[in-house]
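For clarity, every value in this text was computed on a predicted model and none was experimentally measured.
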Amino acid sequence: MAALTGLPRRIVEQNLVTARQAQEIIEKSIQDKTSFVAAAVASGQLKSRDIALLASEEFGLPVLDISAFDFDLMPQDLVSRTLIEKHRVLPLFQRGNRLFVAQSDPSAMMAIDEIKFNTGMTVEATLVEEDKLSAAVDRYLSANDNAFDDLDGELDDVDLEDPEAAAKEQDANKESGDDAPIVRFVNKMLLDAIKGGSSDIHFEPYEKRYRVRYRTDGLLHEVASPPINLAGKIAARLKVMSRMDISERRIPQDGRIKMKLSKNKAIDFRVNTLPTLWGEKIVLRILDPSSAKLGIDMLGYEPEQKDLYMEALSKPQGMILVTGPTGSGKTVSLYTGLNILNVEGTNISTAEDPVEINLEGINQVNVNAKVGLDFAAALRSFLRQDPDVVMVGEIRDLDTASIAIKAAQTGHLVLSTLHTNSAAETLTRLANMGVPSFNIATSVTLIIAQRLARRLCPSCKEPADLPQEALIDAGFSEAMLASAELFKPVGCDQCKNGYKGRVGIYEVVKITDPISRIIMEGGNSIEISDAARKEGFHDLRVSALQKVAQGVTSLEEANRVTTD
């Protein structure tokens, strides 16, 4: 291992990370072509504030609170957009021939050298916390992006409702570098959603208005309201990008967009159109392949729950079922498991509708009912292809369930999802489909029921003073309250309404002998649930309250995603 120098060495000396962890962060920054500080904050092992204070001591630079800086005073044309995006630096102000820039990693001298070369000025660095700088850079670039200024009235030259005109418009955009206002508007909506960590984008036409909404941290909020007369043109542009038939507006369509953000990163969008009373509503689901590579430690499993999942993944056969409503993070949980299993010596095949995240080394199949390739047909084919691990996107019928259980009983590890509310209901759902109780008891090894709760913003959350009687009524145990640190949301410029990001709430149930006996005796979900509690497996409500006690989320949020 190479000797550490500069900021990484200082961080290790302060016991914030180990030398090995620091080396891994350095390697990650080189791989992603980013700064050490950006990679350290992204890893979740270090806080921006701690790094900034240590960097200030190491390099003798002052730390600036950029959130209090006046963006209107920043130089607008001195540093190119390309350099700002590449190095994530920000020009602050100019004094004569001296240009002051904000950066989070003082060791990244290449950024300063390139700005010197391009501006011909003397450049001096000012230190800013990484998370605040990243937000400021995005804000600065957005303020200078006039992508959808004066949209109304500028787009009458091309009728995108007409297929032939749309094809011409597409060719023209390729030649002009996508400079048409409608193209810039749509691109901006997509990029802003990615930067804001949104999961879905809704383009919605109504009788007298048109709105664009993002789903961020599980909740929808409006971000734009372009003129209503642009509804058809925006829909046509999105359909062109998704390679749909833009002349067909009577039936729903599915498509896909791939947006390349850099040489190493691309984001996919799953697109669906729906004819409504006033035009086509279009919803884009943002599919980020990096979400499958977060690692199991980032998902929010309690230590004992993680151990149960890892134990089930290590078995050569059996069935792991993940359950929960749409948007509860089932796909990420499954792909995290597949990523752990994805080694050279393992043959993994998946059947999905549609494939959401592309992973190299895994054989992924898009089911297509129109041509007879449903989940059951894909599963039958998998079993003739010498599989070790099989993933079925969803068990919807008895045929698929029967083949999946047969695979789990004959030496294969099977992962799949169902739409139920709890682990116990998953087992009774399989029985209601017609799967024999004996087969359920002998094939299913683990069930994970999950929800997603919003995380409290670490920058602004405040301690919550709640009466102990109210907490006991909410479901807290005396043991949980003994070490509980409860917080409430506040709200700041770093978050939305006091929350930033989401964390998983899990009910992880291993099928033990007592639970197996209840299944084979035809027990109902209440009996199974009671047995799981006796075995020590926490339900969703208890898991949510644990996150509240740890200060990860608020009691209000726990109440929103779970019930007593």
Side-chain angles (χ1 to χ4, degrees), residues 292 294-297 299-302 304-324 328-343 346-352 356-357 359 362 364 375 378-379 382-383 387-396 400-431 433 435 439-451 504-513 515-516 519 528 532 535 537-538 540 543:
L294 289 173
I296 194 168
D297 292 322
L299 298 185
Y301 286 95
E302 297 298 326
E304 63 275 12
Q305 294 176 332
K306 172 191 168 184
D307 292 342
L308 288 171
Y309 192 15
M310 295 298 291
E311 179 189 348
L313 289 171
S314 67
K315 292 184 177 180
Q317 64 185 49
M319 180 182 287
I320 300 172
L321 294 173
V322 182
T323 181
S328 60
K330 298 189 298 295
T331 300
V332 172
S333 283
L334 281 178
Y335 269 96
T336 299
L338 289 178
N339 215 34
I340 293 169
L341 297 168
N342 187 15
V343 294
T346 304
N347 178 20
I348 303 174
S349 296
T350 74
E352 302 168 69
E356 293 195 2
I357 300 172
L359 279 183
I362 293 176
Q364 297 170 282
F375 284 119
L379 260 175
F382 290 166
L383 296 179
D388 297 301
V389 180
V390 170
M391 195 269 271
V392 187
E394 183 183 348
I395 293 178
R396 298 175 179 171
T400 306
S402 298
I403 301 168
I405 282 176
K406 179 183 176 184
Q409 291 174 327
T410 54
H412 308 94
L413 182 61
V414 179
L415 291 81
S416 190
T417 70
L418 274 89
H419 286 286
T420 57
N421 292 323
S422 67
E425 290 176 32
T426 302
L427 296 168
T428 54
R429 172 75 187 279
L430 288 173
M433 280 184 183
V435 179
N439 286 343
I440 298 173
T442 56
S443 60
V444 179
T445 55
L446 189 77
I447 303 174
I448 301 172
Q450 66 180 77
R451 303 289 188 273
I505 307 293
Y506 302 95
E507 176 188 12
V508 181
V509 176
K510 178 183 178 182
I511 306 304
T512 60
D513 289 342
I515 296 176
S516 291
I519 296 169
I528 295 171
E535 292 285 314
F537 304 126
H538 296 312
L540 286 166
S543 294

For the residue pair I515 and I519, establish whether any side-chain heavy-atom pair is separated by less than 4.5 Å. yes

Going by heavy atoms in the side chains, are M391 and E352 under 4.5 Å from each other? yes

S416/M319 under side-chain contact (heavy atoms from CB on, under 4.5 Å): CA gap, chis, key distance, verdict: CA-CA 8 Å; S416 190; M319 180 182 287; 5.6 Å; no

When you compare the side chain of L427 with that of I511, does any pair of heavy atoms fall below 4.5 Å? yes

NE2-NZ distance between H419 and K330, expressed to the nearest 0.5 angstrom: 4.5 Å

Name the one of S333, S543, S328 that satisfies side-chain hydrogen bond (donor to acceptor under 3.5 Å, both in side chains) with Q450? S333

Measure the spacing between CD1 of I528 and CD of E425 and express it to the nearest 0.5 Å. 10.0 Å

Gap between atom NE2 of H538 and atom CD1 of I505 - 0.5 Å precision: 12.5 Å

Spacing of CD1 belonging to I405 relative to OG1 belonging to T442, to within rounding of 0.5 Å: 8.0 Å

Closest non-hydrogen atoms of I440 and A431, given as atom of the first, atom of the second and distance, are CD1-N, 3.6 Å

Any side-chain heavy-atom pair of V414 and L379 under 4.5 Å: no

Where is the tightest heavy-atom contact between N421 and R451, given as atom of each residue plus distance? O-NH2, 3.0 Å

Among L430, T417, L415, exactly one meets side-chain contact (heavy atoms from CB on, under 4.5 Å) together with L321. Which residue is that? L430

Between A401 and M433, the two heavy atoms sitting closest are CB-SD, 4.2 Å

So do the side chains of E302 and Y506 get within less than 4.5 Å of each other, counting heavy atoms only? no

Quick check for you: to the nearest 0.5 Å, what is the distance between T336 atom OG1 and L299 atom CG? 4.5 Å

Sub-4.5 Å side-chain heavy-atom contact between E311 and L308: yes

Taking T420's backbone N and O only, do any of them form a donor-acceptor pair with T323's side chain (distance below 3.5 Å, no angle check)? yes

For the residue pair Y335 and Q364, what are the closest heavy atoms and their distance? OH-NE2, 2.8 Å

Would you mind reporting whether D388 and N347 have side-chain heavy atoms less than 4.5 Å apart? yes

Enter the distance from T445:OG1 to L413:CG here, rounded to the nearest 0.5 Å. 7.0 Å

Side chains of H412 and L383: closer than 4.5 Å at any heavy-atom pair? yes

For the residue pair G337 and L313, what are the closest heavy atoms and their distance? CA-CD1, 3.9 Å

Whether Y309 and Y301 hold their rings parallel, tilted or perpendicular, with breakpoints at 30° and 60°: tilted

How close do N439 and S443 get, heavy atom to heavy atom, and via which atoms? O-OG, 2.5 Å

